[in-house]
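Take a look at the structure below.
In each ligand, atom 1 is the first atom listed, and ligand 1 is the first ligand listed.
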Amino acid sequence: MTGSTPEPFTADDYRARMARAVRAAEDAGLAGILVAPGPDLVWLTGYTPAVTERLTLLVLAAGQDPVLVVPALEAPDVAHAAGAPALTLRDWTDGKDPYAATAALLDATGRFAVSDNAWALHLLALQRALPRSSYVSLTEGLPMLRAVKDAAELARLAAAGAAADATYEEIRKVPFGGRRESDVAGDLADLLRRFGHSQVDFTIVASGPNGANPHHEAGDRVIEHGDMVVLDFGGLVHGYGSDTSRTVHVGEPDAEQRRVHDIVREAQEAGFRAVRPGAACQDVDRAARAVITGAGYGEYFIHRTGHGIGVTTHEPPYMIEGEERPLVPGMCFSVEPGVYLPGRFGVRIEDIVTVTEDGGRRLNNTTRELVIVD
Ligand code: ZN
Ligand code: ZN
Ligand code: ZN
């Protein structure tokens with residue numbers, strides 16, 4: 001277990017987040033925000049209901065208190081959420097029309113941001129109830145709503161990073177050669193939990209040629225002496241995400257394996273150095289990519305350089321060409337360049353970085369040198 005349990009978020013914390021969301025919606029010309037169960041609802045209220053065909057929907061709109069439309073049989077559960085005191089409940093019983101009840105709360109001709117993971121079932125029914133309303137996904141309408149983290153969120157992300165780092169320090173010591181990728185992945189999951197993760201989201205162990213596939217998870221392949229092995233793992237600690245990658249080698253690497261690893265390490269460093277307030281997200285991608293392209297491997301760096309992290313492990317802001325929005329202190333995202341040589345091997349190095357007042361700070365701090373494992 002890494003670190004101590006943080007102070008839980010309070011109803012006032014959630015009240016402030018919901019007020020901020022309403023202001024952001026107004027600034028964006030939206031009539032309000034509709035939030036289905038999922039990470040946005042957790043972030044705004046602390047409430048984590050089961051996702052079902054029964055409508056649960058948070059309605060945020062200017063000039064009205066936050067309303068949670070909730071199935072009557074689940075209404076007692078809401079009280080357990082820390083944000084409950086900040087919510088007005090509008091419960092509905094089976095057989096009643098929850099969409100008509102929700103429509104009564106909304107500007108009939110308004111444009112609303114809807115959380116990305118709302119079910120089509122619910123949104124289509126709402127559209128039928130309010131034919132003159134219109135909708136945009138929350139990520140499209142308010143992409144940066146959750147992007148800037150406050151001190152309490154940063155502390156949680158730092159704790160998650162430290163727990164992932166502790167996992168790497170231990171996984172380096174386990175045997176790799178002769179074991180299946182899935183065995184090492186199991187070790188990773190055990191370690192993530194041992195160091196404080198309540199949820200393991202991914203344990204990528206991509207050995208030899210499997211490393212050339214950036215999202216290869218872990219399979220039956222037996223890891224061999226001479227393999228590069230991409231490790232990429234993370235999950236949630238106190239509700240906030242970890243995500244780090246290191247590439248290790250089983251036994252002594254050859255000259256090209258070393259060279260590619262050096263290039264990716266330099267690219268990761270260049271991406272990190274590009275992090276400062278006011279720089280564009282795409283500048284981070286450009287800085288990392290320039291190193292890899294300059295070394296002749298540009299066509300083998302086949303993904304964006306990074307993604308935001310918070311109550312999920314993939315969210316805005318994205319470090320990608322074309323994303324011109326500026327970095328702001330408190331943003332947290334990955335810097336994870338890679339090189340993927342089809343049929344041969346891959347290398348990826350990933351840290352979570354947060355934007356400070358004058359640069360960036362890494363939340364992952366294990367060595368980025370090529371580590372030799374057994
Ligand atoms: Zn990914
Ligand atoms: Zn990752
Ligand atoms: Zn990542």
Practice task
Report yes or no: does His314 have an N/O/S atom closer than 2.8 Å to the Zn ion (ligand 3)?
Solution key: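 Checking the Zn ion (ligand 3) against His314, no N, O or S atom falls under 2.8 Å.
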Practice task
Verify the distance criterion only: is there a donor paired with an acceptor across the side chains of Gln257 and His249 at less than 3.5 Å?
Solution key: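 Note: Gln257 and His249 side chains meet the donor-acceptor criterion.
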Exercise for the section: Please check if any side-chain donor atom of His122 sits under 3.5 Å from a side-chain acceptor atom of Glu53, or the reverse. Expected result: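 No, no side-chain donor-acceptor pair sits under 3.5 Å.
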Problem - Heavy-atom side-chain contact between Leu57 and Leu126 under 4.5 Å - result: yes
Practice task
Answer yes or no for Glu336: is there an N/O/S atom below the 2.8 Å cut-off from the Zn ion (ligand 2)?
Solution key: no
Practice task
State the atom name: nearest N, O or S atom of Asp232 to the Zn ion (ligand 2).
Solution key: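 The nearest such atom is OD1.
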Exercise for the section: Evaluate the ring planes of His307 and His314, with Trp represented by its six-membered ring, and classify them as parallel (under 30°), tilted (30 to 60°) or perpendicular (over 60°). Expected result: tilted
Completion exercise
For the Zn ion (ligand 3), angle spanned by Glu350 OE2 and Asp243 OD2 (nearest 10°) is 90°
